[in-house]
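These numbers come from a predicted model, not from an experiment. For the numbers below, each heavy atom of this structure counts, side chains included, while hydrogens, waters and symmetry mates do not.
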Amino acid sequence: MSDQMEERARRIVETAVELAEEGGFEAVRLRDVAAHAGVALGTLYRRFSSKEDLLVAALAAETRGLERRFAKSPPRGDEELERVMGFFALVGRGLLRRQNLARALLKAAASGEPGLAQKMASYHAHIEAMIVMSLRGEVVRANGELADPHADERERRVAETLSQLWFALLLGWSSGVHDQEAINTKMRSCAELVLCGAKGLR
């Protein structure tokens, strides 16, 4: 992708985020995004196939921001549970403080569009890598960026399970099943059970 196109894509994603912050999922109309971003609608469609595709790209951008915050200030603590919950507190602060945006991103992520499966798998892989680093209490870097921590079997299974549970709780919050405080309480209970059960995998 050319530098000019990359700049256009970045501007389109940032505009979608702004509109979602103001009015949620329904406010992200591709014609409006193109107009606010100063690009032709055809240019937008060449980069993003749908509103959901665009919002999943915004989720990826939010995740890159999370990785920068994680690398700068990783969760501390003497125990795995403490560090893991510190990570989810970091995620929650970044995402749930902008509730309209959070609900829009989650709706797009849960849309089930076949073309988004690989992008969502990449999102979960990034989250799982940070969970593994939280389990270890160390940040793995390469060239100044977060790198693959090369999880062992126990770490991989714990991270995958916790990531899936966290995502399910976020979807429950988004649909009004429980509030933000309940997410934290339920996630801690889930993490305790998973980490206790995972002891036998060592």
Side-chain ion pair, R83 and E138, N-O less than 4.0 Å: no

Any donor-acceptor pair under 3.5 Å from T185 side chain to E181 backbone: yes

Taking the side chain as everything from C-beta on, heavy atoms only, tell me whether Y123 gets closer than 4.5 Å to Q118. no

Do any N or O atoms from the side chain of H178 and from the backbone of L169 form a donor-acceptor pair under 3.5 angstrom? yes

Give the minimum heavy-atom separation between L165 and C190, together with the two atoms involved. CD1-CB, 3.7 Å

Spell out, as yes or no, whether a donor-acceptor pair under 3.5 Å connects the side chain of T43 to the backbone of V39. no

Shortest non-hydrogen contact from M133 to V139? SD-CA, 3.9 Å

State, to 0.1 Å, how close A104 and G24 come at their nearest heavy-atom pair, and which atoms those are. CB-C, 4.0 Å

Under 30°, 30 to 60°, or over 60°: which ring-plane class applies to F88 and W166, parallel, tilted or perpendicular? tilted

Salt-bridge test for R136 and E80: reply yes if a basic N is under 4.0 Å from a carboxylate O, no otherwise. no

L96 vs I183, test: side-chain contact (heavy atoms from CB on, under 4.5 Å). Steps then yes/no. CA-CA 11 Å; L96 300 181; I183 291 179; 3.9 Å; yes

Determine, for R103 against E26, whether the closest basic-nitrogen to carboxylate-oxygen distance falls under 4.0 angstrom. no

Do N100 and E21 touch side chain to side chain, with heavy atoms closer than 4.5 Å? no

Any chance you could lay out the side-chain contact (heavy atoms from CB on, under 4.5 Å) test for L105 and L95, step after step, and finish with the verdict? CA-CA 10 Å; L105 297 180; L95 182 62; 4.1 Å; yes

Would a distance-only check, ignoring hydrogens and angles, find a side-chain to backbone donor-acceptor pair under 3.5 Å from N143 to E145? no

Tell me whether S163 contacts the main-chain N or O of A159 through its side chain, where contact means a donor paired with an acceptor under 3.5 Å. no

Are more than 12 heavy atoms, taken from residues, nucleotides or ligands other than H36, located less than 6.0 Å from that residue's NE2 atom? no

Checking side-chain contact (heavy atoms from CB on, under 4.5 Å) for the pair V84/V158: CA distance, chi angles, key distance, verdict? CA-CA 11 Å; V84 165; V158 168; over 6 Å; no

Just do the side-chain contact (heavy atoms from CB on, under 4.5 Å) check on K119 and E113 with the steps written out, would you? CA-CA 11 Å; K119 294 178 181 179; E113 280 198 16; over 6 Å; no

Nearest heavy-atom pair of A16 and V28: which atoms, and what distance? O-CG2, 3.8 Å

Euclidean distance, L54 CG relative to L59 CG, rounded to 0.5 Å: 11.5 Å

Do the non-hydrogen side-chain atoms of L55 and V17 ever get within less than 4.5 Å of each other? no

Distance from S49 atom OG to L116 atom CG, nearest 0.5 Å? 6.5 Å

Check this for me: does any side-chain nitrogen of one of E6 and R10 sit under 4.0 Å from a carboxylate oxygen of the other? no

pair F167-L106: side-chain heavy atoms closer than 4.5 Å: yes

Is Q99 close to Q180 at the side-chain level, that is, under 4.5 Å between some pair of heavy atoms? yes

Would you mind reporting whether L30 and F48 have side-chain heavy atoms less than 4.5 Å apart? no

State the CG-CZ distance between D152 and R157, to the nearest 0.5 angstrom. 11.0 Å

Non-neighbouring partners of N184 that pass side-chain contact (heavy atoms from CB on, under 4.5 Å), sequence neighbours left out: none

Answer yes or no: are there more than 12 heavy-atom neighbours, outside D148 itself, under 6.0 Å from its atom CG? yes

Within the 4.5 Å heavy-atom criterion, are L101 and E62 side-chain neighbours or not? yes

Is there a side-chain contact between L81 and R188, using heavy atoms and a 4.5 Å cut-off? yes

Please give me the minimum heavy-atom distance between S111 and A108, naming the atom from each residue. OG-O, 2.8 Å

Between OG1 of T161 and CD of E128, what distance do you get to the nearest 0.5 Å? 8.5 Å

Quick one: do V132 and V91 end up in the same hydrophobic cluster if we chain Ile, Leu, Val, Met, Phe, Trp and Tyr together by side-chain heavy atoms under 4.5 Å apart? no

Please check this pair: side chain of S174 against backbone of L170, looking for a donor-acceptor N/O pair closer than 3.5 Å. no

Salt-bridge test for R11 and E14: reply yes if a basic N is under 4.0 Å from a carboxylate O, no otherwise. no

Under 4.0 Å between a side-chain nitrogen and a carboxylate oxygen: does that hold for R47 and D53? no

S189 side chain vs K186 backbone, donor-acceptor pair below 3.5 Å: no

Pair up each side-chain donor or acceptor in residues 65-75 with any protein partner under 3.5 Å, not counting sequence neighbours, and list the distances.
| unit_1 | atom_1 | unit_2 | atom_2 | d |
| --- | --- | --- | --- | --- |
| E67 | OE2 | H126 | ND1 | 2.6 |
| R69 | NH1 | G65 | O | 3.4 |

To the nearest 0.5 Å, what is the distance between CG on L90 and CE on M130? 8.0 Å

